[in-house]
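Here's the structure we're looking at; comments come further down.
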Amino acid sequence: LTTRSGLRIEGLPVSAAALSPHALYVAAGLGDSLVAMAPDGRHAWSLPAGGRVEAIAWAPDGLRIAYAVRTKAGVQLRLVEGNGHGDELLDRAVRPVRPSWRADSLAVAYVAAGGRPVVYDLAHRSRRPLSVRDATHVAFAPEGTALAVATRAGVELSGRRLNVEAPVAGIGWLRGELVDAEGRILRFFRPPGTIDHSRVVSGSVVALDARGARIALAVSSRTAVRVVVGLQTVLMVAPGTRVALAGVG
């Protein structure tokens, strides 16, 4: 992935990307299509998406992909099998927020057009809207069923509101703890919402992804935007560069 002129894979401009389990493939929005590519750049399959793909989430078992696509009628949430077959519509009006899969791959959380998070149960083909409003991020725990939801005013975890001091740039799960980014602060919570510790970052966090034992941050300062993985700087790019994070595998 390169970022100097936006998100690119093998030199191709893509609108969104997500790694499959074990990073065997990457699913990406390319033009008006959703494509899956191997690490050597070989296209495994391509699917007409009908618009710009805004967000992608690959299920933990690798069998399904949830993706949000912007069409002429608005942003839709769709579901496709990991081999590119069986594309179907899940919700015709959603926000362009990356969906999040439950650990068992049988439910996916997303943000509906009105700003309320929804959990779609694949086994029962049912939707469960949550009472939270104005959601900006959703993140299932890597184990179990705990779901964290970030809003403009705070973070909801297992029905408990965690107050924030600045807008939340992202949420994720690191070794079973929920981590959120508020300005220069990373806060770590133990379910159901007890603060374990916090850490100050040398810059403002503009994006975050955490999974398992690794964390990825996009940190902005007056001179540059840094992409930090595992709290070790791995890439420095020019000021003003668009930074996008695919899932950390």
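As the structure is a computational prediction, the values presented were derived from the model and not from experiment.
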Completion exercise
For Ser33 and Val53, the nearest pair of non-hydrogen atoms, with its separation, is O-CG2, 4.0 Å
Exercise for the section: Run through Thr194, Asp180, Leu178 and flag the one making a side-chain contact (heavy atoms from CB on, under 4.5 Å) with Leu162. Expected result: Leu178
Handout entry: Nearest-0.5 Å distance that lies between atom OH in Tyr25 and atom CZ in Arg42
Key = 5.0 Å
Practice task
Measure across Ala28 and Val14 and return the closest heavy-atom pair with its distance rounded to 0.1 Å.
Solution key: CB-CG1, 3.9 Å
Practice task
Check the hydrophobic clustering (I, L, V, M, F, W, Y; side-chain heavy atoms under 4.5 Å; chains of links allowed) and say if Trp173 and Val168 are grouped together.
Solution key: yes
Fill in the blank from the handout: Contacts of Thr145 meeting side chain to side chain contact (heavy atoms under 4.5 Å, CB included) (sequence neighbours excluded), chain-then-number -> Arg102
Problem - Under the side chain to side chain donor-acceptor pair (under 3.5 Å) test, residues paired with Asp87 that sit two or more places apart - result: Tyr67, Arg78
Problem - Note, Ser105 side chain near Leu63 side chain (heavy atom, < 4.5 Å) - result: no
Handout entry: Student check: side-chain heavy atoms of Leu12 and Val35 closer than 4.5 Å
Key = no
Handout entry: Close side-chain approach of Gln76 to Leu89, heavy-atom, < 4.5 Å
Key = yes
Exercise for the section: Only pairs at least two apart or in different chains count here, so list each salt bridge (Lys or Arg N to Asp or Glu O under 4.0 Å) that has a residue in residues 64-75. Expected result: Glu54-Arg70
Residues 112-120, side-chain donor-acceptor partners within the protein, below 3.5 Å, at least two apart:
{"unit_1": "Arg116", "atom_1": "NE", "unit_2": "Leu130", "atom_2": "O", "d": "2.9"}
{"unit_1": "Arg116", "atom_1": "NH2", "unit_2": "Leu130", "atom_2": "O", "d": "2.8"}
{"unit_1": "Tyr120", "atom_1": "OH", "unit_2": "Arg125", "atom_2": "NH1", "d": "3.1"}

Handout entry: Side-chain heavy-atom pair Asp134, Arg95 within 4.5 angstrom cut-off
Key = yes
Exercise for the section: Kindly compute the distance separating CD (Glu88) from CG (Leu77), expressed to the nearest 0.5 Å. Expected result: 10.0 Å
Practice task
State, to 0.1 Å, how close Leu157 and Pro191 come at their nearest heavy-atom pair, and which atoms those are.
Solution key: CD2-CA, 4.2 Å
Practice task
State plainly whether one hydrophobic cluster holds both Leu34 and Trp58, where clusters connect Ile, Leu, Val, Met, Phe, Trp and Tyr through side-chain heavy atoms under 4.5 angstrom apart.
Solution key: yes
Exercise for the section: Could you please spell out the steps behind the side-chain contact (heavy atoms from CB on, under 4.5 Å) verdict for Arg133 and Thr151? Expected result: CA-CA 7 Å; Arg133 296 186 180 278; Thr151 71; over 6 Å; no
Practice task
Taking the side chain as every heavy atom from C-beta outward, state whether Trp101 and Leu122 have any pair of such atoms under 4.5 Å apart.
Solution key: yes
Practice task
Give a yes or no on whether Val132 and Val138 share a hydrophobic cluster (residues Ile, Leu, Val, Met, Phe, Trp, Tyr; joining criterion: side-chain heavy atoms under 4.5 Å apart).
Solution key: yes
Practice task
Please examine the side chains of Leu217 and Leu186, heavy atoms only from C-beta on, and report whether any two atoms are closer than 4.5 Å.
Solution key: yes
Problem - Connected via hydrophobic side-chain network under 4.5 Å: Val75 and Val69 - result: no
Practice task
Hydrophobic side-chain clustering at under 4.5 Å (ILVMFWY, transitive links): who's grouped with Ile185? Put none if nobody.
Solution key: Val200
Practice task
Over all heavy atoms of both residues, which pair between Val26 and Ala17 is shortest? Give the atoms and the distance, please.
Solution key: CG2-CB, 4.0 Å
Problem - Closest non-hydrogen atom pair, Gly82 against Trp45 - result: O-NE1, 3.0 Å
Completion exercise
CD1 (Ile56) and OG (Ser20) are apart, to the nearest 0.5 Å, by 12.0 Å
Exercise for the section: Return yes when atom NE2 of His197 has more than 12 non-hydrogen atoms of other residues, nucleotides or ligands closer than 6.0 Å, and no otherwise. Expected result: yes
Handout entry: Short side-chain to backbone donor-acceptor contact, Thr71 and Gly51, under 3.5 Å
Key = no
Handout entry: Interatomic spacing from CD1 in Ile171 to CG in Leu208 - rounded to 0.5 Å
Key = 9.0 Å
Handout entry: For Arg184 against Ser202, the heavy-atom pair lying closest together
Key = NH2-CA, 4.1 Å
Practice task
List for me each residue that meets side chain to side chain contact (heavy atoms under 4.5 Å, CB included) alongside Arg175, sequence neighbours excluded, and say none if there are none.
Solution key: Ala213
